[in-house]
Amino acid sequence: MTSSVRSTVRALFQAAVDQVKRDGLVPAIPDSIPVERPKRPEHGDYATNVALALAKSAGKQPRALAEMIVERLRAAGGADLAEVSVAGPGFINLRLSDGFWQRRLLDILAADGRWGQGEPRQSPRILVEYLSANPTGPLHFAHGRHAAVGDSLTRLLRFAGYDVLREYYINDAGNQVAMLALSVWARYMEAAKGEDWTGVIVPEVAFPEGGYRGDYIRELGLELLDHEAGRFVGADPPADMEPIKQFAISRCMDMIRNTLVKFDVTFDVWQSERALHDSGEVSSTLAALEQAGFIDRRDNAVWLKTTVLWGDDKDRVVQKSDGLPTYLLADIAYHRKKIERGFDELCDIWGADHHGHVPRMQAALKALGHDPNRLSVLLIQMVSLLRDGKPVAMGKREGEFITLDEVIDEIGRDATRFFYLMRRHDTPLEFDLELAKRQSMDNPVYYAQYAHARCASLLRRATELEAPRLPPTAELFARLNLPEEIALLRRLSDFPDFVDDAAAAREPHRLVSFIGDLAGEFQSYYTRLQKVHGDSVLPQERQRVGNWRETWDWQKTAARLHWVEAIRQVLETALGLLGVSAPAVMKRIGGEGEEAS
RNA sequence: GCGCCCGUAGCUCAAUUGGAUAGAGCAUCGGCCUUCGAAGCCGAGGGCUGGGGGUUCGAUUCCCUCCGGGCGCGCCA
């Protein structure tokens, strides 16, 4: 099982601080000692500012107090404590022994590819709702960011031990899908025009104002005509649009689902908005809001008193004067149901343009007697597509957007997912298609995958050379004593804490930096081992002469192979959390850049 | 006008939830292939963190105020 070095260190600090308190030197101590990894290696492996925080209440100089803590830290001792010191205004820096870090490799290998995984935790149970794109057409490139962030976030949360459900809310009720049906019907009529349908002259109909104009609508119109012949032909849309609507929605959802399969994004539950209406949950929610006393009836409409509940600037309509519920009411019903289903935290991922919706939903939860903070909303900023630094021309007319399918087809799933996750979700993203496609060192996806492939390659070569594989032991790992090797061991050891932090912050994009750092450190080591240390993991060709098998240090090689395997596993795990593959071999696609020489 | 988000190297972005000398990648310049994968490595230059004030041992981070950008402010979803 995964262990956290940080909590081990925290316990050391805690014990020393407890002792200081028992000795009557400070009045009170914090529940949890803050422990951080200093940016600068000179500051040791871990540091705490606890003396700075306690100095005032203890009436002591921070450095003096730090010295007292350090004294007790040293007394408690332990062979793993290589160095403890007071620095700067009163930080306590702590360095662990090489042996400690070398032994972590035993833990990492024992985790058997699951290093970093958190202990399962009972709470909070989290429902992550994301994407929830309207079933009115294919996913476009901006949806890709939602899909990538939501999917990686849920992978990360699950890996960190949370109980998570992934849900897609299908907006299959209301105006948008009504317009979808009308648009499809109009295209159907267009296709039927001029044909002889049992003697009926097919009239020309105008395409609806604000209708969906994508080519897929035309195709759906044709398909409808194939299946249903002249059933819906007429000057006006049929009184019962339901069959057309259902047909169109189901086709659009097929398109969306197919794209998601290609993108390797999975949902556990597909919740239909319409089902909430049909089951009466929407109307019962209105009743509940009214019973709670937060409903106003005026101007023929029904209002939720969000101004009273949550300091909104105006109340919001939940039922229109035509008697139909608004989207807001259905959404409130949906969130109410989520809580009733037993989720502690509702994590929604919305487009940043919906941010005005957040306080209203929180107001509604409050009205229903729930803690508004159980809803957390991640707002995703917009994506702009670039090609070689220039914006991709997008048609002004509706329907001419670049689809997610097109992006994936052009640059591949790995690069697409990686690029969507390179930035924090609340900052706008510039997505450069040419850069993502480029198979060179300025492309961070290939850089990371290349590092993994190099590890795999080394392990492959080791097998070809029949390098002896020795069982992992602390004695064997004592051979990993280069500064670069210890540094990599630190980073691998840090992975569980890193996962924990990224999950707690709901920030999957942090994995991108972790991967970049880990890959970079390994690539650097790989070259430096040879250039600076004049060494290599495996005997190279020029060294394989004479009785090389007898003279080569196979112990060190065996230790390094374990270490390389650990690096490979963590890279694979971290890439997996992003939904990016970890190839054992990098193959060049296309031979365009070949030199003519 | 009101509300939310964002201003960090030439460009794109980090910065461990208030920590120590603000870091990467790209771009620019200069080095490294008698092959464990050069899709790589090493080095250099580049900053008043938009401006100003405040809170404290300490601010890119928190508060106020300007400046500049994005997005909202429907009986649409």
Side-chain angles (χ1 to χ4, degrees), chain A residues 6 34-40 42-43 47 49 52-53 55-56 61-62 87-91 93 134 136 171 173-177 179 210 273 299-303 311-314 316-322 324 326-328 330-331 351-359 379 381-382 386 389 422-424 426-430 432 435 438-444 446-447 449-451 453-454 456-458 460-462 464-465 494 497-498 501-502 504-505 509-510 512-513 516-517 520 523-532 536-543 557 585-586 588 593:
Chain A
R6 186 172 55 193
V35 176
E36 58 185 35
R37 303 223 43 180
K39 284 179 236 175
R40 308 181 65 81
E42 314 88 85
H43 295 148
N49 61 358
L52 288 156
K56 185 169 278 183
Q61 292 296 318
F91 291 101
N93 294 336
N134 286 338
T136 53
N171 299 120
N175 294 335
Q176 317 244 333
V177 285
M179 184 55 81
E273 176 188 352
D299 307 330
N300 281 328
V302 181
W303 304 71
D312 203 351
D313 50 348
K314 57 185 87 165
R316 303 292 162 178
V317 171
V318 287
Q319 192 178 83
K320 299 181 273 182
S321 50
D322 62 5
L324 292 175
T326 61
Y327 171 82
L328 176 62
D331 217 12
D353 54 342
H354 285 64
H355 72 259
H357 198 60
V358 178
L379 296 173
Q381 284 291 348
M382 54 185 298
L386 304 180
M422 285 199 302
R423 307 289 173 238
R424 215 177 44 221
D426 59 351
T427 83
L429 171 69
E430 297 205 336
D432 194 316
L435 175 60
R438 215 173 296 162
Q439 306 195 336
S440 66
M441 55 182 171
D442 47 357
N443 188 335
Y446 288 90
Y447 183 82
Q449 291 184 322
Y450 182 62
R454 254 188 171 167
S457 168
L458 271 176
R460 245 188 341 262
R461 290 286 297 148
E464 286 165 15
L465 287 174
D494 195 35
D497 289 330
F498 191 94
D501 290 347
H509 80 278
R510 292 192 192 184
V512 171
S513 355
D517 290 345
Q523 302 272 42
S524 172
Y525 166 83
Y526 188 89
T527 305
R528 285 175 60 87
L529 184 61
Q530 197 160 215
K531 302 281 179 199
V532 179
S536 60
V537 175
L538 296 167
Q540 300 184 46
E541 192 173 347
R542 64 186 144 76
Q543 296 166 308
T557 289
V585 177
M586 296 298 278
R588 272 210 145 81

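Chain letters run A, B, ... following the sequence lines, proteins first, then strands; residues in each count from 1.
- At the phosphate of B:G40, neither OP1 nor OP2 sits under 4.0 Å from any side-chain N or O atom of A:Thr527.
- Side chain A:Ser536 to base B:C36: no donor-acceptor pair is found below 3.5 Å.
- With C1' as the reference atom, B:U60 and B:C6 are 13 Å apart, rounded to whole Å.
- Atom pair A:Tyr447:OH and B:C13:C1' shows a separation of 17 Å (rounding to whole Å applied).
- To the nearest angstrom, P of B:A14 lies 12 Å from CD of A:Glu430.
- A:Gln530 places no side-chain N or O within 3.5 Å of a backbone atom of A:Thr527 that could act as its donor or acceptor partner.
- Checked against B:G37, B:G19, B:C6, the side chain of A:Phe91 finds its nearest nucleotide in B:G19.
- Proximity note for A:Tyr450 (side chain, C-beta onward) versus B:C73, B:A38, B:C76: the nearest is B:A38.
- Taking only distance into account, the side chain of A:Asp353 never meets the base of B:A77 through a donor-acceptor pair shorter than 3.5 Å.
- Contacts of A:Gln381 with the nucleic acid, taken as non-hydrogen atoms under 4.0 Å apart, involve only primed sugar atoms and P, OP1 or OP2.
- In this structure, the nucleotide among B:A20, B:A39, B:C71 sitting nearest to the side chain of A:His355 is B:C71.
- Here A:Arg460 does not reach the OP1 or OP2 of B:G37: none of its side-chain N or O atoms lies under 4.0 Å away.
- The 5' end of RNA chain B is approached more closely, in terms of each residue's nearest nucleotide, by A:Arg37 than by the other of A:Arg37 and A:Gln540.
- Checking B:C75, B:U16, B:A77 against every side-chain atom of A:Asp501, the shortest atom distance belongs to B:U16.
- Whole-Å rounding puts the A:Tyr526 OH to B:U35 C1' distance at 10 Å.
- Taking only side-chain atoms of A:Arg40, from C-beta outward, the nucleotide of B:G40, B:C5, B:G23 with the closest atom is B:G23.
- OP1 or OP2 of B:C76 lies within a sub-4.0 Å distance of a side-chain N or O belonging to A:Lys320.
- Partners of A:Phe498 according to the ring pair (Phe, Tyr, Trp, His ring centres under 6.0 Å) rule, which considers only residues two or more places apart in sequence or in another chain, are A:Phe514.
- Remark: A:Arg37 does not engage A:Asp501 in a salt bridge, criterion side-chain N to carboxylate O under 4.0 Å.
- The line from CG of A:Leu429 to CE of A:Met422 is 7.0 Å long, rounded to the nearest 0.5 Å.
- Judged purely by atom type and a 3.5 angstrom limit, A:Asp322 uses its side chain to pair as donor or acceptor with the backbone of A:Leu324.
- Between A:Leu379 and A:Asp426 the shortest side-chain heavy-atom distance does not fall below 4.5 Å.
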Annotated structure of RNA chain B as dot-bracket, pair cut-off 3.5 Å, Watson-Crick or G-U only, | for inter-strand, is (((((.(..((((.....[...)))).(((((.......))))).....(((((..]....)))))).)))))....
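- In terms of the ring pair (Phe, Tyr, Trp, His ring centres under 6.0 Å) criterion, residue partners of A:Tyr525 (sequence neighbours excluded) are, by chain and number, A:Trp563.
- Looking at the side chain of A:Asp426, the nearest of the listed nucleotides B:C6, B:C73, B:C75 is B:C6.
- Here the nucleotide nearest the side chain of A:Lys56, chosen from B:C36, B:U56, B:G19, is B:U56.
- Of the side-chain N and O atoms in A:Ser524, one or more sit less than 4.0 angstrom from OP1 or OP2 of B:C42.
- Judged by distance alone, the side chain of A:Thr326 and the main-chain N or O of A:Val317 form a donor-acceptor pair under 3.5 Å.
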* Derivation of the side-chain contact (heavy atoms from CB on, under 4.5 Å) call for A:Gln540 and A:Gln543 -> CA-CA 5 Å; A:Gln540 300 184 46; A:Gln543 296 166 308; 3.5 Å; yes
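- Using a 4.0 Å heavy-atom criterion, one finds that A:Pro428 contacts the sugar-phosphate atoms exclusively.
- Base orientation of B:U17: syn (glycosidic angle within 90° of 0).
- For A:Leu538 and A:Leu379, each mapped to the nucleotide of RNA chain B holding its nearest heavy atom, the one lying further toward the 5' end belongs to A:Leu379.
- Listed nucleotides: B:C57, B:C36, B:A20. Nearest to the side chain of A:Ala47: B:A20.
- In this structure, the nucleotide among B:C73, B:C41, B:C36 sitting nearest to the side chain of A:Arg316 is B:C73.
- Taking the syn range as angles within 90° of 0, the glycosidic angle of B:C33 is syn.
- Of the listed nucleotides (B:U12, B:G70, B:G37), B:G37 has the atom at the smallest distance from the side chain of A:Ala453.
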